[in-house]
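Chain letters run A, B, ... following the sequence lines, proteins first, then strands; residues in each count from 1.
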Amino acid sequence: MSHDHGVYGDADATEEQKTNPATGANAVASTDATLEGRAKSSNQHHGPKAWVWVLIAVVAVVAIVIGATIFGRKSDDAASGSGQTASTVTIGLKLAPTNLDIRNQSGSALDQLLIGNVYEGLVGRDSDNQVVPAIAKSWTVSDDGLTYTFALNENMSFSNGDALTAEDVAWSINELIDQQYHDADSLEGVTSVTDDGENTVVITLEAPNSNLLWTLTGRPGLVFDKDADYDAKTEAVGSGPYTVSKFVENDSVTLTANENYWGEHAAKTPTVVVKYFADDNAAVNALKSGDVQVLAPIVENLAEPFASDSEHYTVQTGDGTDKYVLAFNSKGEKTSDLRVRQAIRYAIDHDELIASRGGADKALGGPIPSLDPGYEDLTDLYPHDVDKAKELLAEAGYSTEHPLELTLTYDASTYGTELGDQLRSQLKQVGIELTVNVVEFSTWLQDVYTNHDYDLSLVNHNDSHDLYQWADPDYYYGYDNAEVQRLYAEGVAATSDEESDAKFAEAARIVSEDAPADWLFNFRVTTAMANGVEGFPFNMNQTLLPLYDVTYTA
Amino acid sequence: MIVSLLRAVWRKPEGRFSLVVLALWILIALISLFWTPRSLWATDGYNVWDKPSASHWLGTDGTGADVFSWLMAGSRTNLLIVILTVAFSGAFGLLLVTLMVSRNSALANTSVVVVDALISIPTVLIALILAVPLGASIMVIVVACGFGYGLNLARVARPAALLAARSSYVESAMANGACGIRVLATHIVPNILPVLLVQLSLSAGTAVLAESGLTYLGIGVPSGVPSWGHSLATSVKFINVYPLTVLWPGLIVTVVVIALNVFGDALRDALEERYVTAAQEEAEYGR
């Protein structure tokens, strides 16, 4: 944005002066001024035409851009119906992994890319977030809930040809615990992982943990080749239906069908290319032009042209466990008052928020989304009620003369400025003056997450099974309720699903009643794809994206 | 003097265009202090990205707020930014000019080198560095632009200022005991006034562009403060689906920047006539 119109020291100075009779004979002081004037615009006597042309050019460019946007549909017609199954399918995703080291590198982008595709877990997860067999074909749990015995499949192998044995399984999990790889703390209560040399692995616990099986569907349960030697940052040796044949940081990953795949989920498409688009408009253009066949996620508001063109595209929304949590600092000066927190919850019109985002998201009244154990519809606890909110604020000592002033701290580059503006508008109606403090994510981590220095915070908690956050008084919410902590502990220690679900549900209801946060909505991922793509998962595809079933018929 | 200058600008068609646009801008900015068609904070989530209609002349944005009201209110923020930037770059530029034509040759030479070195730093980089401690704020735009344009101004104005500073009338004024500030005000500034005004009008235009650019990058006007850059930044994400919402702030910024640049041109022409006459008189007087 630096500009430079100066030409000081220009050799034309004297010449210019000679050619200008008006200044020709005058004092030296005018030389540079004249020069400056000439240098700036050589055709000053054609001034009016110049700006008219500029204006016309601008309008023309704008018109062309709009025209191209509206009418410039697909250069490459997606489903022209020639009936050929493509050997390559390209998928557009948003968050790119910085390297492939799934043991050390955090971030759900790696889970999404590698789990179930390149690496397999001892157990897997289906599209309803339920535990299903994977490396283990079955398992039994002892009555006291302390011993898990897994029977493994037979004749399994890694992509490099090595046999996958019970030894690899036990070694992988033990390594995770010993080396404290990413997510190792979720296996804290594990006392031993052993193999019998045959096809059985036994995990013993010091206390029952109803979350264990589900935990093993994620990174803690992944099975690696004990004998393989490779650079985990750029290569991957797993037992899944695909192998990584090319990894370009922050750009793309090429998956090729694993020739040595042992199981039922053999890849249907030989090559799947995953491309990453940080920019939403670039992603949309890629789908339009046929560079990618699938886009997940697509911003709901941007999906409209695809949704209205069902001849060429399919747009579908899947369930997920993302919770947009508007946390109220439970230890905050103003927000420690229950009436204030309740007033905020009554003041928020969730239906309006969801409608403005395109209507795909789901209302969520508590900390547990529908795909997690213990879910219960709690949206009736705090219905939108402006009068009730005002009443509570008045009780808490706030009025129009003495309004409640709060600050919302969040990262608008990720979540958009719209949410902050809408919340300010909604809260203003009940007499709360909301200041929106837009920060970088790193600042959010420092101020809110680490130092707990905030009134209101907005962040998307996308983890599944994360009710523990409300049972941890040291978490940034600052929520400390002994009853919730007891119920959560009992739920984890329960030996039957029914019992643990009931405990979690009870805890979630208490959390929601205490209003330490408002759950704005359960974010649902919208996927847009060219017609002819089959087998792409819609549910939870930001953390769990099995690609073996994907095909594209052009 | 100002009136006669404006009259001279008005005489040219492009000058008329620029004056009309600038007058409208100031007028709308003033009106927006008291009145906008809709409250800025009246969001309606059920009617986002609406097309232009009787109730929303330019449609609604992603929160369901009225685009026209936001653009109206944005005009005052942009006006403020332009005024502050022009004032800051003018003051900073003059300070540099004073240093650069100083009689202390070491100081003068050093400042010339320093200005030439600093001028290579892009305004965006300065803004990014400033944004670290300040966060997104109007001050970031004003200081970054004022700094960058001040350097430009100093470099462009230096030759004229140098000639004035070394002229015989300044010599005699100094001999008569006039202080540096007095010499600057009475002799040097009038001599570089044409360059100064043209550069400042260019700064004003570029400041409007800079506001849009920096706000788009998230280091300009903070969230919740209406500005044209804010309107552009929020709508540009959806240019694929709702291109109209990008068009309005885009058009306004374009027209205003053109007007400011054209105004600079017309002002220079007007000043040149006046300046030449004055200089001729002075030359005759000197002779």
- Message: Would you say that B/K237 contacts A/V299 through its side chain, given a criterion of any heavy-atom pair below 4.5 Å between the two side chains?
- Response: no
- Query: So do A/E304 and B/F238 actually touch side chain to side chain, heavy atoms under 4.5 Å?
  - Reply: no
- Without swapping roles, check the side chain of A/N285 against the backbone of B/N240 for a donor-acceptor pair under 3.5 Å. no
- Task: Using non-hydrogen atoms and a 4.5 Å limit, figure out which bit of B/T234 sits close to chain A: side chain, backbone, both or neither.
- Result: both
- Check each atom of B/V246 against the heavy atoms of chain A and say whether the ones under 4.5 Å are side chain, backbone, both or neither. neither
- Message: Does B/Y216 have more than 12 heavy atoms from other residues, nucleotides or ligands lying within 6.0 Å of its OH?
- Response: no
- Message: Set out, in order, the CA-CA distance, both residues' side-chain angles and the distance that settles side chain to side chain contact (heavy atoms under 4.5 Å, CB included) for B/Y46 and A/D349, then state yes or no.
- Response: CA-CA 11 Å; B/Y46 297 104; A/D349 184 349; 4.1 Å; yes
- Message: Give me each pair satisfying side chain to side chain donor-acceptor pair (under 3.5 Å) with a member in residues 423-438 of chain A, each pair once, sequence neighbours excluded.
- Response: A/D421-A/R424, A/S425-B/T43
- Query: Counting heavy-atom pairs under 4.5 Å to chain B, which of A/L353, A/V284, A/I354 comes out on top?
  - Reply: A/V284
- Dump the intermediate steps for side chain to side chain contact (heavy atoms under 4.5 Å, CB included) on B/V241 and A/N301, then the final yes or no. CA-CA 8 Å; B/V241 194; A/N301 280 327; over 6 Å; no
- Query: With respect to chain A, which residue among B/N47, B/D44, B/T63, B/V48 yields the maximal number of heavy-atom pairs within a distance under 4.5 Å?
  - Reply: B/T63
